[in-house]
Enquirer: 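The structure is given below, and queries will be raised subsequently.
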Amino acid sequence: MKNKILMIIMLLSVLSAGCQDKDLNTAIPEKIITINDVDLSNTTFEKLSIPEDYDLRKFEGMTLNFIVENNLHAGILSKESEEFSNITGIDINVNAMDFDTLRRKINLDFISQAGKQQIIYVDPYQTLNRFYDYLEVLNPYQNNDDLPSVKGYTDDFIDNQVYVCSYFEEDDNLYTVPFDSTTMILYYRKDIFEKYKDAFIDEKGYDWTPGTKAFTWERYCEISEWIDNNVPDEEVKYGSGHMAQRHNSIFCDFSNILAAYGGDYFNDPYINTLGLKSFNHINVREESFIKALDVYKEVIKSSAPESIDWYWTDSARAFKNGEIAMMPNWDENYTYVEYDSDSKVSGKVGYSILPYGDVRSANIYGGSGIGINKYATESEKEAAWFFITWATSKNMQLKVLKHPDGGSLPTRKSAYEGNQIKFYMENPEYIDENNISLKHMRAVLDAWKTKNIYLRPKISNFYKAEQVIIENLNNMVKNDMDSEMISEKIYLDLQKIKLQE
């Protein structure tokens with residue numbers, strides 16, 4: 001009882017942080033922060049590292065194009081960039097588009113060396129790995145005392161995300177600043193799990209609550225099938241839904257299971273962090289790989305039949321419409337399923353790390369960075385750098401996190417040091433059941449732990465290797481093909497890529 005009272009006192013002190021040290025009768029006026037006589041107090045520029053004599057309007061009238069995936073973070077940034085334009089005079093044209101279109105347009109712009117897209121959303125596995133030589137090296141900007149800089153770069157950024165997003169092969173040249181942090185987690189219908197928990201335990205003999213080591217991929221299949229057979233269709237149609245379309249989605253979907261059973265595609269030093277131009281040691285004939293293939297076949301068999309043709313948008317839509325009870329998907333979809341005006345599951349969703357395999361829970365990381373097109377003009381590059389320092393600042397990342405349409409988790413360590421966030425992360429029992437953002441955040445931070453995160457291979461020939469994996473996985477689940485045969489086929493196809501280099 002004493003401990004509980006102590007925790008309540010701590011919670012009250014946390015919620016009143018910032019007020020307790022102020023004497024209302026002798027209030028000290030806030031310091032006014034100005035550069036070039038522009039008052040930056042109470043703006044997102046307030047804590048930026050900007051030289052006192054830097055001309056904020058140096059590039060007034062310039063338009064910069066920012067090509068980016070149409071995701072949560074980009075959507076909020078496009079709304080908030082008006083403040084950046086008002087203060088600097090630089091117009092930011094946010095060109096948001098679907099993932100596949102983005103990849104094609106970036107490739108064309110780089111190959112043509114047109115430099116039309118000055119600010120680039122750099123996916124480490126589709127762009128950084130192939131086009132790092134087409135990106136401006138950022139060290140000279142960050143180390144120039146006469147220019148704005150990214151405060152705390154790189155120490156204030158989450159280590160794994162820096163290695164994956166900012167570098168290629170070596171940690172000398174900075175190509176991007178980590179921007180977003182999307183990661184795959186498990187979404188589940190909390191209302192269904194609570195309502196039928198006792199009936200399930202009576203029949204199966206174990207607690208089916210996600211997030212524990214007992215919640216394995218094998219049990220995930222069993223739970224999915226039990227929901228199919230025991231929960232009325234008007235409550236939920238299928239136990240689970242996946243994304244096994246012949247698309248990048250099936251690679252991501254399977255990778256979570258592969259890593260959970262201790263497997264990976266290649267076994268080369270730094271291939272999953274700094275990256276390499278190519279692979280050398282292929283792991284797809286290992287026992288762990290074949291086991292993961294078998295499990296994935298069962299996962300798809302126990303999911304909604306449409307899963308074979310779904311990718312991440314399709315499964316998210318099905319979940320939002322109340323058709324499936326569980327889905328692995330990118331964490332940024334939580335605002336879509338919780339706050340979309342026609343969502344049938346708002347307030348009914350639980351979040352956790354993905355199921356366990358023989359070795360661990362594995363949750364694939366999919367964050368990207370922001371970089372500068374090497375073929376932009378020199379003045380455009382400096383203006384683009386100014387935008388990057390603003391867009392990746394702690395203030396902006398917290399603004400995205402707290403935005404009504406937002407929730408994308410910050411890539412900066414210091415963003416998690418706020419009293420309220422830190423308290424709730426360390427004391428999850430005090431998270432209100434209705435506080436969706438904090439429950440979602442806790443699941444993602446759990447997925448980021450070293451023991452739980454999965455970083456895929458980052459290689460220059462990844463597109464070719466990924467296509468081999470995608471096509472063979474899709475054939476396997478569509479035609480119920482033998483896992484050992486698929487393993488051998490993947491190995492031979494990857495060997496062909498290696499021999500063609």
Side-chain angles (χ1 to χ4, degrees), residues 69-72 98-100 102-103 123-129 160-161 164-165 180-187 217 220 240-261 263-266 271-272 275 284 289 292-293 295-297 299-300 303-304 307-319 324 326-334 336 351-355 357 360-368 443-444 447-448 452-459 462-478 486 490:
E69 185 178 4
N70 186 18
N71 60 18
L72 180 78
D98 68 87
F99 179 77
D100 293 324
L102 173 78
R103 182 175 58 191
D123 185 300
Y125 308 104
Q126 304 292 339
T127 304
L128 178 61
N129 58 332
N160 276 343
Q161 298 179 17
V164 169
C165 295
D180 62 12
S181 60
T182 183
T183 306
M184 286 187 74
I185 57 173
L186 182 71
Y187 293 71
W217 279 109
Y220 173 89
S240 61
H242 280 260
M243 41 195 196
Q245 187 184 124
R246 189 167 289 199
H247 181 272
N248 171 260
S249 60
I250 193 173
F251 169 84
C252 296
D253 204 21
F254 171 71
S255 294
N256 294 313
I257 295 174
L258 173 61
Y261 287 88
D264 211 335
Y265 301 97
F266 309 106
I271 199 168
N272 301 83
V284 302
F289 194 92
L293 289 174
V295 172
Y296 190 59
K297 284 171 67 177
V299 165
I300 299 303
S303 67
S307 294
I308 286 188
D309 298 311
W310 280 350
Y311 76 120
W312 44 68
T313 300
D314 301 311
S315 59
R317 185 183 299 114
F319 190 89
I324 55 179
M326 297 182 288
M327 71 163 182
N329 214 317
W330 301 108
D331 73 285
E332 64 181 0
N333 281 303
Y334 97 91
Y336 175 66
Y351 307 89
S352 79
I353 55 174
L354 293 172
R360 64 185 182 117
S361 166
N363 305 261
I364 193 169
Y365 171 73
S368 295
V444 179
W448 284 357
N452 297 330
I453 196 75
Y454 172 66
L455 307 175
R456 72 193 89 166
K458 190 172 78 177
I459 49 179
F462 181 72
Y463 179 77
K464 290 180 179 179
E466 185 188 43
Q467 291 308 303
V468 162
I469 295 160
I470 287 171
E471 289 172 14
N472 281 287
L473 287 174
N474 185 261
N475 283 338
M476 179 185 75
V477 296
K478 248 183 181 172
I486 289 296
I490 292 174

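Worth saying up front: this structure is predicted, and the values here are computed from it rather than measured. Throughout, numbering of the chain's residues begins at 1 and tracks the sequence.
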Enquirer: So I490 and F289, do their side chains get closer than 4.5 Å, heavy atoms only?
Expert: yes
Enquirer: Say whether N129 and T127, considering side chains only, have a donor N or O and an acceptor N or O under 3.5 Å apart.
Expert: no
Enquirer: Excluding sequence neighbours, so at least two apart, what forms side-chain contact (heavy atoms from CB on, under 4.5 Å) with A259?
Expert: R360, A362, Y454
Enquirer: So how far is it from I250 CD1 to I308 CD1, rounded to the nearest 0.5 Å?
Expert: 8.5 Å
Enquirer: A side-chain contact here means heavy atoms from C-beta on lying under 4.5 Å apart; do C252 and R456 qualify?
Expert: yes
Enquirer: Any idea which heavy atoms bring L102 and E69 closest together, and the distance?
Expert: CD2-N, 3.7 Å
Enquirer: Just so I know, are the side chains of N256 and M184 near enough to count as touching, which here means a heavy-atom distance under 4.5 Å?
Expert: yes
Enquirer: At what distance, to the nearest 0.5 angstrom, does CG of N248 lie from CG of D123?
Expert: 8.0 Å
Enquirer: Between F251 and Y125 (judged by ring centroids, cut-off 6.0 Å), do the two rings come close enough to count as a pair?
Expert: no
Enquirer: Would a 4.5 Å heavy-atom cut-off, applied to side chains only, mark S368 and P124 as touching?
Expert: yes
Enquirer: Would you say the rings of Y261 and Y296 are close, in the sense that their centroids are separated by under 6.0 Å?
Expert: no
Enquirer: Has the side chain of N329 got a donor or acceptor atom that lies under 3.5 Å from a matching backbone atom of W312?
Expert: yes
Enquirer: Do the side chains of M326 and F319 get nearer than 4.5 Å, heavy atoms only?
Expert: no
Enquirer: Taking the side chain as every heavy atom from C-beta outward, state whether S255 and D264 have any atom pair closer than 4.5 Å.
Expert: no
Enquirer: What residue among W330, W448, Y365 forms side-chain hydrogen bond (donor to acceptor under 3.5 Å, both in side chains) with T183?
Expert: W448
Enquirer: Check whether the side chains of D180 and N71 place a donor and an acceptor atom closer than 3.5 Å, and report yes or no.
Expert: yes
Enquirer: Examine distances only and state if a side-chain atom of N272 and a backbone atom of L455 form a donor-acceptor pair shorter than 3.5 Å.
Expert: yes
Enquirer: Will you find, in the side chains of Y187 and S352, an N or O donor that is under 3.5 Å from an N or O acceptor?
Expert: no
Enquirer: Which residues satisfy the side-chain hydrogen bond (donor to acceptor under 3.5 Å, both in side chains) test with Y311, sequence neighbours excluded?
Expert: none
Enquirer: Taking all atoms of both residues into account, what is the closest heavy-atom pair of A244 and V477, and its distance?
Expert: CB-CG2, 4.3 Å
Enquirer: Measure the CD-CE distance between E471 and M476 for me, rounded to the nearest 0.5 Å.
Expert: 14.0 Å
Enquirer: Minimum heavy-atom separation for L293 and L473, please, with both atom names.
Expert: CD2-CD2, 3.6 Å
Enquirer: Atom CG of D331 and atom CD1 of I185: how far apart are they, to the nearest 0.5 Å?
Expert: 5.5 Å
Enquirer: Got a salt bridge between D98 and R103, using NZ or NE/NH1/NH2 to carboxylate O under 4.0 Å?
Expert: no
Enquirer: For the residue pair I324 and S315, what are the closest heavy atoms and their distance?
Expert: CD1-O, 3.6 Å
Enquirer: Let's go through K478 and D309 carefully: what are the C-alpha distance in whole Å and the side-chain angles of both, what is the deciding distance for salt bridge (Lys or Arg N to Asp or Glu O under 4.0 Å) to 0.1 Å, and is it a yes or a no?
Expert: CA-CA 9 Å; K478 248 183 181 172; D309 298 311; 3.7 Å; yes
Enquirer: Do D314 and M243 touch side chain to side chain, with heavy atoms closer than 4.5 Å?
Expert: no
Enquirer: Where the side chain of N363 meets the backbone of L354, is there a donor-acceptor pair that is under 3.5 Å apart?
Expert: yes
Enquirer: Test D253 against every option in Q245, H242, H247 by the side-chain hydrogen bond (donor to acceptor under 3.5 Å, both in side chains) rule and name the one that passes.
Expert: H242
Enquirer: Any heavy-atom pair between the side chains of I459 and I271 that's under 4.5 Å?
Expert: yes
Enquirer: Which distance, rounded to the nearest 0.5 Å, do you find between the CD of E332 and the OG of S181?
Expert: 9.0 Å
Enquirer: Atom CD1 in I300, atom OG in S307: separation rounded to 0.5 Å?
Expert: 5.5 Å
Enquirer: With ring pair (Phe, Tyr, Trp, His ring centres under 6.0 Å) as the criterion, how do Y265 and F462 come out once you've worked through the C-alpha distance, each side chain's angles and the decisive distance to 0.1 Å?
Expert: CA-CA 11 Å; Y265 301 97; F462 181 72; 8.2 Å; no
